[in-house]
Amino acid sequence: MKAHEWIAILDFGSQYSQLIARRVREQKVYCEIMRYDTTAATLRANPPKGIILSGGPASVLTAGSPDCDAALFELGIPVLGICYGMQLMARTLGGTVQPGQEREYGRALISVTQPDRLFRDVPPELTVWMSHGDHVNALPSGFITLAATPSCPHTAMADVERGFYGLQFHPEVAHTAQGHTILNRYLFDICGCAGDWTMTQFIEESVTAIRARVGNDHVLCGLSGGVDSSIAAALLHRAIGDQLHCVFVDNGLLRHGEAEQVETTFGAAFGMDLRVAHAQDIFLNRLAGVSDPEQKRKVIGNTFIEVFTAEARRIGPMKFLAQGTLYPDVIESVSPLGGPSVTIKSHHNVGGLPDDLQFELIEPLRELFKDEVRALGRALGVPDAIVDRQPFPGPGLGVRILGEVTRERVALLQQADLRVQTEIEKLPNYRDIWQAFAVLLPVQTVGVMGDERTYENVAAIRAVQSLDGMTADWVRLPYDTLGAISNRIINEVRGINRVVYDISSKPPATIEWE
């Protein structure tokens, strides 16, 4: 837990809990998502400036629905309840909740009747995003109504003296007009936050904490060249210098020029102790004749562990293993409602290492969201080419080559993908695209080049927009861009004579083809 000011977000299973956290952090206030049953004693040990009770899918009227520690309201800390959180607050403090005659889902128009500090400078009528069946029908003692709709008489409530506020709508979603302003009023006017949580401060705190923990020991870091591992390595190097030892496994399945870029950036420019395992031949030999997608993943994963382990043993014994774990991984590792753990994606960690390689994990990015990691990278001086790099699958091009992976097919896809990246980067909204890449299909088609008949490969182009990779929609790329990509691949990459564009979303399709 951080020593500086922070906001505690108690999660009751809302689909928007991470979004609440992102909105708070956007205002330079640190926050953490915690279990709904976090006790008042736990919070008293390191008091937050405010507590937010999230929404949730349950009904407070249902037996066994998630509850909070009632002593939270005796800490003298402002509390904001959102949707389910508002209803729970009302019931806990003596109000009543009942099923609404009309459910409200989606946009609604509310009337602000008492501007107060929460609605200061907000229009008297406001479009908000609702998602509820129950509503508060009788306020607890000391509360007043701040806003209403015809079907929900207490859309917002407050006990101004104690700093308790409830909103039946979601201020964190983009569909709520003035949602940013309302959260701003809660954080600064009501909780008294300073809004001084910056990446500069994060670096200073992290460097101090890493040095204190590592001491004179050494840290091993698996450097993939992706955003997370690269920035984790940069932060660790800032803290402990030569005590950091990075291992980069070149599996021969990387994008064009990627291996050279990693070596140049982190070995030469940053001066890190970077060990490069040139293992292209090992990987490609073991992939010979393998076409099943899952079998390819297993071969690549097992070979990576073998190569990484051998390189680690050459360096010598070390106490710590660094991973680029991010905050969403931490949040998702345990269900907020006590359900089964969610397995962290395998490419986020070096799993399956031999038992005799005993490490303590060090995860310097575990408090950050992806956009915050990128901001951290810029503050650390990591080049934009790495900071802005799009997500890349752990098995690399192995899952973008459908069918058998051969040295020739890897080279073909690298050249096709290079043309995709070059043209996509010309777009003004390039950074809004989550991923854009080429896929080599196990299909050959007839074509005509000059006066000659050709029978060559097909490349598919995939471009998607996403916030977190869980869902994605295909990007409506300009026709001119699609035309330029197609022309360049067909004219410049010998072996491909046809280009198609993937217009499927996730779900039902996945982002990667394998």
Side-chain angles (χ1 to χ4, degrees), residues 225 250-264 278-293 296 299-300 385 389-393 395-427 430 433 435-464 474-475 477-504 511-514:
D250 182 359
N251 59 12
L253 304 172
L254 303 174
R255 288 165 285 201
H256 177 78
E258 190 166 29
E260 294 80 5
Q261 183 186 44
V262 170
E263 288 191 64
T264 300
H278 297 286
Q280 303 97 318
D281 291 343
I282 299 173
F283 280 87
L284 292 171
N285 288 340
R286 293 185 180 179
L287 285 167
V290 179
S291 59
D292 177 74
K296 283 196 288 187
V299 169
I300 294 168
R389 176 164 287 166
Q390 296 176 348
F392 190 60
L397 299 182
V399 292
R400 293 180 180 174
I401 297 173
L402 276 59
E404 184 181 7
V405 178
T406 65
R407 194 179 304 273
E408 293 73 27
R409 299 190 81 204
V410 170
L412 201 61
L413 181 56
Q414 285 177 331
Q415 291 301 316
D417 189 72
L418 176 61
R419 273 71 181 174
V420 174
Q421 301 307 320
T422 302
E423 294 303 321
I424 290 292
E425 288 172 7
K426 295 177 181 177
L427 294 172
Y430 162 66
I433 297 175
Q435 280 177 276
F437 54 89
V439 179
L440 190 62
L441 305 186
V443 175
Q444 290 184 306
T445 66
V446 173
V448 177
M449 290 189 176
D451 294 325
E452 295 185 6
R453 174 184 182 276
T454 62
Y455 192 61
E456 294 178 340
N457 296 277
V458 178
I461 309 304
R462 180 81 157 134
V464 297
W474 61 280
V475 178
L477 289 176
Y479 287 158
D480 288 348
T481 299
L482 288 172
I485 291 172
S486 177
N487 287 338
R488 289 200 60 191
I489 291 175
I490 292 171
N491 291 331
E492 299 173 17
V493 182
R494 180 176 291 275
I496 296 176
N497 68 355
R498 191 178 299 270
V499 174
V500 297
Y501 189 52
D502 182 348
I503 60 170
S504 50
I511 294 178
E512 300 293 340
W513 278 49
E514 287 191 342

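FYI, the numbering just counts along the sequence from 1.
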Backbone N/O of [Y] and side chain of [X]: donor-acceptor pair under 3.5 Å:
X: Ser486; Y: Leu482; answer: no
X: Gln435; Y: Phe392; answer: no
X: Glu404; Y: Ser291; answer: no
X: Lys296; Y: Ile401; answer: yes
X: Arg389; Y: Gly225; answer: yes
X: Asp417; Y: Leu413; answer: no
X: Glu492; Y: Ala416; answer: no

Next on the checklist: Run Leu287 and Thr406 through side-chain contact (heavy atoms from CB on, under 4.5 Å) and show every step you take.
Outcome noted: CA-CA 8 Å; Leu287 285 167; Thr406 65; over 6 Å; no

Item to check | Partners meeting salt bridge (Lys or Arg N to Asp or Glu O under 4.0 Å) with Arg462 (sequence neighbours left out) | outcome: Asp502

Without placing hydrogens or testing angles, list every side-chain donor-acceptor pair under 3.5 Å for residues 439-447, not counting sequence neighbours.
residue: Thr445; atom: OG1; partner: Asn497; partner atom: OD1; Å: 3.2
residue: Thr445; atom: OG1; partner: Arg498; partner atom: NE; Å: 2.9

Next on the checklist: Measuring only between side-chain heavy atoms, which start at C-beta, is Arg400 closer than 4.5 Å to Pro393?
Outcome noted: yes

Checklist entry - Given side chains that start at C-beta, do those of Phe437 and Ile511 come closer than 4.5 Å, heavy atoms only? => result yes

Item to check | Residue list, side-chain contact (heavy atoms from CB on, under 4.5 Å) with Leu427, at least two apart or on another chain | outcome: Ile424, Asn429, Ile433, Leu477, Pro478, Thr481

Item to check | Heavy-atom pair of closest approach, residues Ala438 and Ile461 | outcome: CB-CD1, 4.1 Å

